[in-house]
Participant: 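Sharing a structure, written as structure tokens. Questions coming.
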Amino acid sequence: MDTSDDLHDDGLFGPDSVTWRVHLEPVLWIAGMRALLLQSLHPRVMRGTYQNSALFDPKKAWPRFQRTVEFVGTRTFGSTAEIEAAGGRVRRLHAALRGFDPDTGHDFRLDLPDNLLWVHACEIDSYVDVARRAGVLDDAGADAYLAESVRAAQVVGLDPAIVPSSRRAMAAYFDRVRPGLRLCDEARLGVGGLLTPQPHAPASAAIALSTIAGLAFGTLPRWARRLYGLPGLPTTDAATTVALRLVRGATSLLPDPPMPPRIARARDLVRSA
């Protein structure tokens with residue numbers, strides 16, 4: 001429950017940030033799905049997730065998805081105290097988890113910097129890609145968002161020195177890790193679960209997730225679509241960009257949905273700015 005003083009603590013960002021402006025756009029739901037699809041192409045990260053996560057249990061997948069959304073919302077719009085508490089919980093959870101890599105025959109920690117950086121980079125790159133193509137950001141805004149995202153990376157325990165803070169740095173990071181990416185068996189199971197109707201999700205959410213997943217595949221980089229066995233054609237990129245702009249235009253005409261007080265306040269402050 002927010003106190004009056006706590007509600008006016010803008011946390012990591014604030015009304016003048018690019019981050020608040022981007023994350024108030026409903027089209028960013030597509031970016032969240034894109035991030036999950038992209039993250040699934042890292043075998044070690046995906047195996048660690050598969051071995052430890054409720055994401056693959058149909059009875060637990062929807063609640064876990066909701067917790068992830070709540071964490072991103074807290075990290076983006078929460079007060080300093082709320083962010084520190086949420087970040088502490090995530091860091092303690094990751095520190096206690098281990099995975100097994102059959103390629104090496106060794107156990108590994110889930111909170112290894114390389115693993116955390118991959119998850120962070122996929123998330124942030126997805127937000128930037130969808131926001132640019134939907135018309136939310138231009139190139140300068142994308143670089144500003146990436147620079148701000150370094151603060152978000154620190155919440156999960158990453159050293160800011162290794163976090164890409166520009167479009168150029170992010171592109172170089174993906175070029176570096178691409179040779180080790182592939183669609184492992186655990187990823188096939190996980191992505192299949194994402195595309196399966198969730199029995200515990202509201203009917204409206206289940207329908208929306210199906211539509212979002214279809215668009216999210218189209219937003220993936222061409223090399224990532226090919227790893228999924230999908231065509232990596234320029235025409236797909238062009239059609240997806242048009243679709244994203246249409247989605248953003250359509251959502252801008254809808255009434256504001258109910259929001260927690262903190263996010264409603266952020267929306268009002270961004271609009272007034």
Participant: Working to the nearest 0.5 angstrom, can you tell me the gap between E25 CD and I30 CD1?
Facilitator: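 That separation rounds to 11.5 Å.
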Participant: With the threshold set at 4.0 Å, does a side-chain nitrogen-carboxylate oxygen contact exist between D125 and R34?
Facilitator: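 Salt bridge present between D125 and R34.
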Participant: Roughly how far, to the nearest 0.5 Å, is CD of Q39 from NE2 of H120?
Facilitator: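 These two atoms lie 11.0 Å from each other.
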Participant: In this structure, would L37 and L230 fall into the same cluster of hydrophobic residues linked by side-chain contacts under 4.5 Å?
Facilitator: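 Yes, one cluster joins them.
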Participant: When hydrophobic residues are tied together by side-chain contacts of less than 4.5 Å, even through go-betweens, does W29 share a cluster with F71?
Facilitator: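 Both belong to a single hydrophobic cluster.
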Participant: How far apart are the closest heavy atoms of V163 and A153, and which atoms are they?
Facilitator: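 V163 and A153 have their closest heavy atoms at CG2-CB, 3.7 Å.
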Participant: Pick out which of D138, D143, D139 makes a salt bridge (charged side-chain N to carboxylate O under 4.0 Å, His left out) with R132.
Facilitator: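 It is D139; the other options fail the test.
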Participant: Kindly give the heavy-atom pair with the smallest separation between F217 and V191, and that separation in Å.
Facilitator: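 Result for this residue pair: CZ-CG1, 3.9 Å.
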Participant: So which heavy atom on R267 is nearest to which on L24, and how close?
Facilitator: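 Here R267 and L24 meet closest at CA-CD1, 3.6 Å.
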Participant: If hydrophobic clusters are built from ILVMFWY residues whose side chains come within less than 4.5 Å, do F108 and I162 share one?
Facilitator: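 F108 and I162: separate clusters.
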Participant: Rounded to the nearest 0.5 Å, what separates atom CG in D10 from atom OG1 in T80?
Facilitator: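 Going from CG on D10 over to OG1 on T80, the span is 8.5 Å.
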Participant: Might you point out which heavy atoms bring L158 and P113 nearest each other, and give the distance in Å?
Facilitator: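 The answer is CD2-O, 3.7 Å.
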Participant: For residues L146 and R167, determine if any side-chain heavy atom of one lies less than 4.5 Å from a side-chain heavy atom of the other.
Facilitator: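 In short, these two side chains touch, coming nearer than 4.5 Å.
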Participant: Please determine whether the number of non-hydrogen atoms from other residues, nucleotides or ligands lying under 6.0 Å from atom CZ of R98 exceeds 12.
Facilitator: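 Yes, because the 6.0 Å sphere around CZ of R98 holds more than 12 heavy atoms from other groups.
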Participant: Whether D185 and R188 form a salt bridge (side-chain N of Lys/Arg under 4.0 Å from carboxylate O of Asp/Glu) is what I want to check.
Facilitator: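 So R188 pairs with D185 through a salt bridge.
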Participant: Of all the heavy-atom pairs spanning Y173 and A121, show the shortest one and how long it is.
Facilitator: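 Taking every non-hydrogen atom into account, CE2-CB, 3.4 Å.
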Participant: Yes or no on salt bridge (charged side-chain N to carboxylate O under 4.0 Å, His left out) for R47 and D101, after CA distance, side-chain angles and deciding distance?
Facilitator: CA-CA 7 Å; R47 284 167 176 158; D101 186 350; 3.2 Å; yes
Participant: I'd like to know if V270 and V27 are part of one continuous hydrophobic network [Ile/Leu/Val/Met/Phe/Trp/Tyr, side-chain heavy atoms within less than 4.5 Å].
Facilitator: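 Hydrophobic grouping puts V27 with V270.
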Participant: Name the orientation class of the two ring planes belonging to W118 and F174 (parallel below 30°, tilted from 30 to 60°, perpendicular beyond 60°).
Facilitator: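 If you compare the ring of W118 with that of F174, the planes turn out perpendicular.
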Participant: Are V156 and Y145 linked, directly or through intermediate hydrophobic residues, by side-chain heavy-atom contacts shorter than 4.5 Å (ILVMFWY only)?
Facilitator: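 Result: yes, single cluster for both.
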Participant: For the residue pair H23 and Y127, categorise the inter-ring angle as parallel (less than 30°), tilted (30 to 60°) or perpendicular (more than 60°).
Facilitator: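 Correct class here is perpendicular.
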Participant: Is any NZ, NE, NH1 or NH2 atom of the basic residue among D9 and R262 found under 4.0 Å from an Asp or Glu carboxylate oxygen of the other?
Facilitator: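 No salt bridge links D9 with R262.
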Participant: Determine the minimum heavy-atom distance between N115 and L110, stating which atoms define it.
Facilitator: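 N115 and L110 have their closest heavy atoms at CB-O, 3.6 Å.
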